[in-house]
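Data first, discussion second: the structure below is written as C-alpha cells.
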Amino acid sequence: MKGVVDKTMDTGPSEVPEQDLTSLKKLEMTDVLEDIKMLLEQHDNPALELQRYLSEVESKINDENKLKLESVDRNHIKHLIEKHPYFKNPSTYHIRLITIMKYLKKKGVDITLNDFDLLVDEIIMSIDDVEKISYGKYSRKRF
C-alpha cells in the first residue's frame, strides 16, 4: 500500500491510479501505519485526507478478499460436501450450513474467508436434488 498517499497532498487530493485486481500487492500493516503517520505530520487538520486514505485501504482489503474468494476451488469444495455422510445417505431431517462449515474446517478448508458461507450456500444449491428450506438449512431428496 506504500505509495498510495501522494507526496504533494498540499496542492489537492491525490488520485490513485486504477489497478488491475491481479496486480494488487498484499497490504502490509507497517506500510499503512507509515502512510497514516505521514498524513498526520503533513497536515494540521488531516481528517479529510485520512478519511479518504482509509476508504482506499478498505477498498483494497475488499478487493483482496474478493480475489481470495474467487480463487477457491469450487469443485473441490463440492466434492467434499458430497462426501459428507448426510449427502451420501440423506434423511428426512434437514442439514444445517453450520454443520457443513464445521465439516469443511475438519477437512482442512480455510473457512475464515469473508463471505465463504455464501459461497458454500451457492455450492450446496448446485448439488442435485438439494432443496433450501430456509437460510442455512437444506434438505436432499432420497434416491
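Small disclaimer: the values here were computed from a predicted structure and weren't measured. Numbering starts at 1 and runs along the sequence shown.
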### Task
For the pair I124 and L97, evaluate side-chain contact (heavy atoms from CB on, under 4.5 Å) and give the outcome as yes or no after the intermediate values.
CA-CA 9 Å; I124 293 170; L97 178 62; 4.0 Å; yes
### Task
Could you give me the CA-CA distance, side-chain angles and deciding distance for L67 and S71, then say whether side-chain contact (heavy atoms from CB on, under 4.5 Å) is met?
CA-CA 6 Å; L67 281 175; S71 68; over 6 Å; no
### Query
At what distance, to the nearest 0.5 angstrom, does CG of N62 lie from NZ of K66?
6.5 Å
### Query
Once you round to the nearest 0.5 Å, how far does OG of S55 lie from NZ of K60?
12.5 Å
### Task
Under the side-chain contact (heavy atoms from CB on, under 4.5 Å) rule, what do N114 and L69 come out as? Steps first, then yes or no, please.
CA-CA 8 Å; N114 288 346; L69 196 60; over 6 Å; no
### Same apolar cluster: I98 and V109, side chain cutoff 4.5 Å
no
#### Entry: CZ-CD1 distance between R140 and I95, expressed to the nearest 0.5 angstrom
10.5 Å
### Within 6.0 Å of NZ in K102, more than 12 heavy atoms from elsewhere
no
### Connected via hydrophobic side-chain network under 4.5 Å: V120 and M125
yes
### Message
How close do K88 and K83 get, counting heavy atoms only, and between which atoms?
### Response
CE-O, 3.4 Å
### Query
Residues in side-chain contact (heavy atoms from CB on, under 4.5 Å) with E82, at least two apart?
K78, I127
### Query
Please walk me through it: do L54 and I36 pass side-chain contact (heavy atoms from CB on, under 4.5 Å)?
CA-CA 9 Å; L54 291 176; I36 290 173; 4.0 Å; yes
### Task
Identify the two heavy atoms, one from Y93 and one from Y86, that lie closest to each other, and give their separation to 0.1 Å.
O-OH, 2.9 Å
### Message
Rounded at 0.5 Å granularity, tell me how far CD1 in I111 sits from CE in M101.
### Response
4.5 Å
### Query
Hey, is E34 close enough to K37 for a salt bridge, meaning N to O under 4.0 Å?
no
### Task
Any chance you could measure I77, atom CD1, to E122, atom CD, to the nearest 0.5 Å?
12.5 Å
#### Entry: ring pair (Phe, Tyr, Trp, His ring centres under 6.0 Å): pairs with one or both residues in residues 101-139, sequence neighbours excluded
H84-Y103
### Message
To the closest 0.5 Å, what do you measure between OG1 (T112) and NZ (K68)?
### Response
8.0 Å
### Query
Side-chain heavy atoms under 4.5 angstrom apart, residues restricted to Ile, Leu, Val, Met, Phe, Trp, Tyr: same cluster for L40 and V57?
yes
